[in-house]
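Beneath this line is the structure, given in structure tokens, with notes to follow.
As the structure is a prediction and not an experimental result, all values here were calculated from the model.
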Amino acid sequence: MMSEQTIKAAYEAARDTLREYGVDAEAALKKLDEIPVSLHCWQGDDVTGLEAEAGGVSGGILSTGNYPGKARNGDELRADLSKALSLLPGPHKVNLHASYAELAGEKVDRDAYELRHFARFVDWAKEKGIGLDFNPTYFGHPKAADNLTLSHPDKGIRAFWIEHGKTSRRIAAGMGKALGQTCVTNLWIPDGMKDFTADRLAHRARLKDSLDEVYKEKFSPRETLDSVECKLFGIGTESFVVGSHEFYMGYLGYAHKNGFEDLMLTLDMGHFHPTEQVSDKLSSLLLFSKEILLHLSRGVRWDSDHVIVFSDEITEVMRELVRADALDRTHIALDFFDGSINRVTAWVVGARAARRALLAALLEPTARLKELELAQNFGDRLALMDEARTLPVAAVWNEYCRRKNLPGQATQWLSDVADYEKNVLSKRV
């Protein structure tokens with residue numbers, strides 16, 4: 001274990017090195033401490049949800065593994081989230097799906113959920129001093145069994161899901177008001193077809209009309225902001241997804257033109273073709289949208305939602321945000337689920353990787369790179385960009401964690417999770 005003196009000395013050396021590249025390490029740490037990362041509740045129970053008659057995951061979602069200690073109720077889920085948050089430096093939020101309503105035996109369906117069904121999460125978040133984000137849940141329900149919801153040809157089923165979207169937005173606005181932090185409401189639907197589709201236009205026309213209904217009611221952006229999430233394919237929707245990237249890009253322009261300028265697009269890193277990079281899409285989107293929502297995930301061969309790590313693409317996404325000066329316009333959230341490992345470990349690994357990648361981006365000599373590019377000195381730009389990849393990020397990260405009274409190295413915090421598993425998780429039968 002590194003001593004405090006060793007961490008400080010390493011940081012001072014790193015700070016001096018970075019200064020030679022025109023990078024202010026202290027300014028980077030200050031900015032790093034202003035950006036919240038939203039932890040997703042569904043990592044804690046493999047997307048099961050808390051509804052009394054939950055249908056579990058479906059709609060192209062698959063959580064694998066059966067590691068012991070999965071959260072079985074709201075109290076256990078909040079305890080596990082609290083443990084994860086205790087090991088994470090920096091500001092955070094928690095992202096809830098509507099399927100995590102705590103109904104206490106009340107017979108109420110998703111089209112009639114209210115803020116009171118999430119009161120325990122709101123009280124917990126208030127106690128922790130964190131914000132909440134929210135998602136209507138268009139899967140794991142009998143009325144979503146055929147992978148059609150807002151685009152369903154049955155008007156009655158469409159009406160049910162439209163109302164669910166409306167109630168979810170009201171719940172989110174209530175959460176934002178209660179906690180004094182904007183609640184981001186993200187809408188993703190599983191709608192699509194497994195095989196050849198005869199009338200794609202009709203499905204997308206119905207989705208467009210349904211979204212118009214969902215977004216009729218206006219809320220203060222201080223309470224909630226709305227986002228729509230695209231996808232290339234899912235399990236059972238391999239051939240056709242109604243809410244594709246092109247559809248939502250079109251809908252975004254339509255919404256902005258018709259008075260809904262605050263609507264955002266969600267870019268999920270697992271929702272595109274493996275050869276596509278989300279980092280390539282950011283600058284185009286930022287040019288035409290006020291804000292964006294990012295769902296950080298790691299696809300392995302397909303949208304497999306592996307726990308994110310400090311990868312090239314995660315870091316490149318963060319670099320693009322820093323280069324575009326768009327951190328204050330971007331909402332960063334995690335979206336993965338792995339039931340094959342300790343679920344608290346998954347949260348901590350993913351959240352730390354996201355913030356460490358953000359730090360790496362903040363420590364890049366961006367101003368100098370832009371100067372070289374403007375001067376068309378592309379050789380020097382390449383050399384500096386390449387060298388910047390090995391600048392001493394770890395030393396700055398360890399200092400950041402030290403200032404937060406938290407361990408910087410995995411070898412230090414993993415024992416804490418192991419104790420939690422022994423004393424809490426292993427006792428869940």
Indicate, with yes or no, if the rings of [X] and [Y] have centres closer together than 6.0 Å.
{"X": "H203", "Y": "F247", "result": "no"}
{"X": "H141", "Y": "W161", "result": "yes"}
{"X": "Y251", "Y": "Y248", "result": "no"}

Any chance [atom1] of [X] has more than 12 other-residue heavy atoms, nucleotides or ligands included, within less than 6.0 Å?
{"X": "D312", "atom1": "CG", "value": "no"}
{"X": "K194", "atom1": "NZ", "value": "no"}
{"X": "R222", "atom1": "CZ", "value": "no"}
{"X": "F196", "atom1": "CZ", "value": "no"}
{"X": "K218", "atom1": "NZ", "value": "yes"}
{"X": "K31", "atom1": "NZ", "value": "yes"}
{"X": "D325", "atom1": "CG", "value": "no"}
{"X": "E34", "atom1": "CD", "value": "yes"}

Report the C-alpha separation of D111 and K143 in whole Å, then their side-chain angles, then the decisive distance to 0.1 Å, and conclude whether the salt bridge (charged side-chain N to carboxylate O under 4.0 Å, His left out) test is met.
CA-CA 11 Å; D111 61 337; K143 285 187 170 67; over 6 Å; no
Inter-residue atom distance [X].[atom1] - [Y].[atom2], 0.5 Å rounding:
{"X": "L225", "Y": "N186", "atom1": "CG", "atom2": "CG", "answer": "12.0 Å"}
{"X": "F118", "Y": "W124", "atom1": "CZ", "atom2": "CH2", "answer": "14.5 Å"}
{"X": "L384", "Y": "Y21", "atom1": "CG", "atom2": "OH", "answer": "7.0 Å"}

How far apart are the closest heavy atoms of [X] and [Y], and which atoms are they?
{"X": "R298", "Y": "I308", "value": "N-CG2, 3.8 Å"}
{"X": "G176", "Y": "C183", "value": "N-CB, 4.0 Å"}
{"X": "L150", "Y": "D191", "value": "N-OD2, 3.3 Å"}
{"X": "S227", "Y": "L265", "value": "OG-C, 3.4 Å"}
{"X": "L406", "Y": "R352", "value": "CB-NH2, 4.4 Å"}
{"X": "K83", "Y": "D416", "value": "NZ-OD1, 2.7 Å"}

Quick test of your reading of the model: are [X] and [Y] salt-bridged, counting only N-O distances below 4.0 Å?
{"X": "R78", "Y": "D75", "answer": "yes"}
{"X": "D80", "Y": "R343", "answer": "no"}
{"X": "E163", "Y": "R170", "answer": "yes"}

Does a side-chain heavy-atom distance below 4.5 Å link [X] with [Y]?
{"X": "S279", "Y": "E313", "result": "yes"}
{"X": "W302", "Y": "I235", "result": "yes"}
{"X": "I157", "Y": "L148", "result": "no"}

Between the side chains of [X] and [Y], does any donor sit under 3.5 Å from an acceptor?
{"X": "S38", "Y": "D133", "result": "yes"}
{"X": "S340", "Y": "D338", "result": "yes"}
{"X": "S304", "Y": "H306", "result": "yes"}
{"X": "S297", "Y": "D335", "result": "no"}
{"X": "N135", "Y": "H40", "result": "no"}
{"X": "T366", "Y": "E364", "result": "yes"}
{"X": "D45", "Y": "Y100", "result": "yes"}
{"X": "D212", "Y": "Y254", "result": "yes"}

Using modelled atom types and a 3.5 Å cut-off, is there a donor and acceptor pairing between side-chain atoms of [X] and backbone atoms of [Y]?
{"X": "R355", "Y": "I35", "result": "yes"}
{"X": "T137", "Y": "S99", "result": "yes"}
{"X": "K216", "Y": "K166", "result": "no"}
{"X": "H256", "Y": "G253", "result": "no"}
{"X": "T197", "Y": "D195", "result": "yes"}

Among W42, F337, Y138, exactly one meets ring pair (Phe, Tyr, Trp, His ring centres under 6.0 Å) together with H97. Which residue is that?
W42
Between E213 and R158, does the salt bridge (charged side-chain N to carboxylate O under 4.0 Å, His left out) criterion hold? Intermediate values first, please.
CA-CA 11 Å; E213 290 297 316; R158 272 201 324 277; over 6 Å; no
My understanding is that only one of V317, L321, T315, V322 makes a side-chain contact (heavy atoms from CB on, under 4.5 Å) with R319; could you say which?
T315
Among E291, K281, R329, E320, which residue satisfies the side-chain contact (heavy atoms from CB on, under 4.5 Å) criterion with L286?
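In the set E291, K281, R329, E320, the residue that makes a side-chain contact (heavy atoms from CB on, under 4.5 Å) with L286 is R329.
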Is R169 close enough and on-axis enough to Y215, meaning under 6.0 Å and within 45°, for cation-pi?
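No.
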Pair R206, D209 - check salt bridge (charged side-chain N to carboxylate O under 4.0 Å, His left out), show working.
CA-CA 5 Å; R206 286 191 290 267; D209 290 344; over 6 Å; no
For H164 and Y113, take the angle between the two ring planes, folded into 0 to 90°, and tell me which bin it lands in: parallel under 30, tilted 30 to 60, perpendicular over 60.
perpendicular
Criterion salt bridge (charged side-chain N to carboxylate O under 4.0 Å, His left out) on E373 and R323, from CA distance to verdict:
CA-CA 13 Å; E373 184 164 289; R323 292 165 183 167; over 6 Å; no
